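First up is the structure itself, then whatever we jot down about it.
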There are 2 protein chains.
Amino acid sequence: MKSELQVFQEFILQRGLRRTLERERVLQEIFEIHGHFDVEELYLKLREKGVKVSRASIYRALPLFREAGLIREADFSDGHWHYEHIYGHSRHSHLKCLGCGEMVEFEEPSPQDLEEHWVKRYRYRIVALEVQGYCPACQQGA
Amino acid sequence: MKSELQVFQEFILQRGLRRTLERERVLQEIFEIHGHFDVEELYLKLREKGVKVSRASIYRALPLFREAGLIREADFSDGHWHYEHIYGHSRHSHLKCLGCGEMVEFEEPSPQDLEEHWVKRYRYRIVALEVQGYCPACQQGA
DNA sequence: TTATTATTGAAATCAAGACTCATTAAAGTT
DNA sequence: AACTTTAATGAGTCTTGATTTCAATAATAA
């Protein structure tokens, strides 16, 4: 399996962009983080390690990582985006409570088990599913 | 079936809040709108009709409607929240493309059909599901 | 009717994120 | 290796959705 850096470099090449140390350091940091992260966290973690990357560059890099299929926007629960890396990770989903905002993260072994999980296991009253993925057009581009 | 206004008034009573004309006009307007809406749309529609309600009051009313189970935050696709009324509506879901942001709205007859819909019908590569609903605690409160 | 206090509107404030622009540097060309 | 082109960066500014402030208003209880 290709490393996330390899995937990104191929993406950069294909797009006619340039390789920069800044973006690679940001990407590296993202894949060292377990779970969700936001821009500020990322910025501070990099600073801590003495890596000098501006917030602006992070904001500019994230859409690229997203378009390369490496990360995704996970939620916008508290007024700003939270992300998580998806490359190389097992598919998992979120159950978000519209009342209190609580979010349960879960993995479902098969779509057939979904109903069981939601209703029997979590006792959630389901209002809507947000299914995120790639449409046919974007699968070909990627 | 109770009207949305009745539901809201019961919610208001239960919370020890006060009934105000402003909130009721906003709620009425929301339920006259088909599909999604955002604060600005709502504000302008009310103004058009000569209903004087400030943006601040709208921003303050929406969380109440959400907590009362009348509306939900649908997506944050273009930098601000979009909402939709859920009370009295059939459950429907969204397929959101992480690449281009395209959103397909669909209703699924049963959870068992989900996989079929996603994979065979929409040819989406699924990355994550966002399941929104009410957790057990909030179901009792509501 | 009076007292209490939630709610309102207008304006000020906050913050995430986008934009500006001069500088730097990656990659291609000679 | 020097030169050219132009993408990318960083510091700061700007935008704007949303929250907060505060004096005035009005809904409810006493």
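What you are looking at is a predicted structure, and each value in this text was computed from that prediction instead of being measured. Each chain gets a letter, A, B and so on, in the order its sequence line appears, and its residues count up from 1.
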Notebook entry, point to check: What is the distance from CG of A:L13 to C1' of D:dA7, rounded to the nearest Å?
Noted result: 15 Å

Next item on the list: State whether a side-chain donor-acceptor pair under 3.5 Å links A:H85 with A:E32.
Entry: no

Margin query: Just the rounded figure in Å: distance from P of D:dA11 to CD of A:E22.
Written below: 11 Å

Check: Taking OP1 and OP2 of C:dT8, is either one under 4.0 Å from a side-chain nitrogen or oxygen of B:T20?
Finding: yes

Notebook entry, point to check: Does any donor atom in the side chain of A:E41 or A:H82 lie under 3.5 Å from an acceptor atom in the other side chain?
Noted result: no

Next item on the list: Check if the side chain of A:R60 and the base of C:dG17 share a donor-acceptor pair of N or O atoms closer than 3.5 Å.
Entry: no

Next item on the list: Determine: side-chain N/O of B:S57 to OP1/OP2 of C:dG9, distance under 4.0 Å, yes or no.
Entry: yes

Margin query: Distance check needed: C:dA16 P versus A:I58 CD1, whole Å only.
Written below: 13 Å

Checklist line | 5' priority, DNA chain D, between A:A56 and B:R55 [closest heavy atom] | finding: A:A56

Check: Ion pair present between B:E105 and B:K96, side-chain N to carboxylate O less than 4.0 angstrom?
Finding: no

Note to self: With no hydrogens and no angle check, just 3.5 Å: does a side-chain donor-acceptor pair link B:H80 and B:D38?
What the structure shows: yes

Item checked: Nearest-Å distance for atom pair CG/P, residues B:L62 and C:dT8 -> 12 Å

Notebook entry, point to check: If you look at every strand shown and take non-hydrogen atoms under 4.0 Å, does A:R23 touch a base, only sugar-phosphate, or nothing?
Noted result: sugar-phosphate

Next item on the list: Find the distance A:F65:CZ to D:dA8:P and express it as a whole number of Å.
Entry: 12 Å

Note to self: Tell me whether the side-chain N or O atoms of A:R18 pair up with the base of D:dT6 as donor and acceptor below 3.5 Å, since no angle test is needed here.
What the structure shows: yes

Next item on the list: Report which part of the nucleic acid B:G79 touches: base, sugar-phosphate, or nothing (heavy-atom distance under 4.0 Å, all strands).
Entry: sugar-phosphate

Note to self: Nearest heavy atom decides the nucleotide; on that basis, is B:Y43 or A:D78 closer to the 5' end of DNA chain C?
What the structure shows: B:Y43

Notebook entry, point to check: What integer distance in Å separates B:K52:NZ from D:dT25:P?
Noted result: 13 Å

Item checked: Presence of B:Y59 side-chain N/O under 4.0 Å of D:dT19 phosphate oxygens OP1/OP2 -> no

Next item on the list: Report yes or no: do A:Y59 and A:R55 form a side-chain donor-acceptor pair below 3.5 Å?
Entry: no

Next item on the list: Find which nucleotide of DNA chain D each of B:H80 and B:L17 is nearest to by heavy atoms, and output the residue with the more 5' nucleotide.
Entry: B:H80

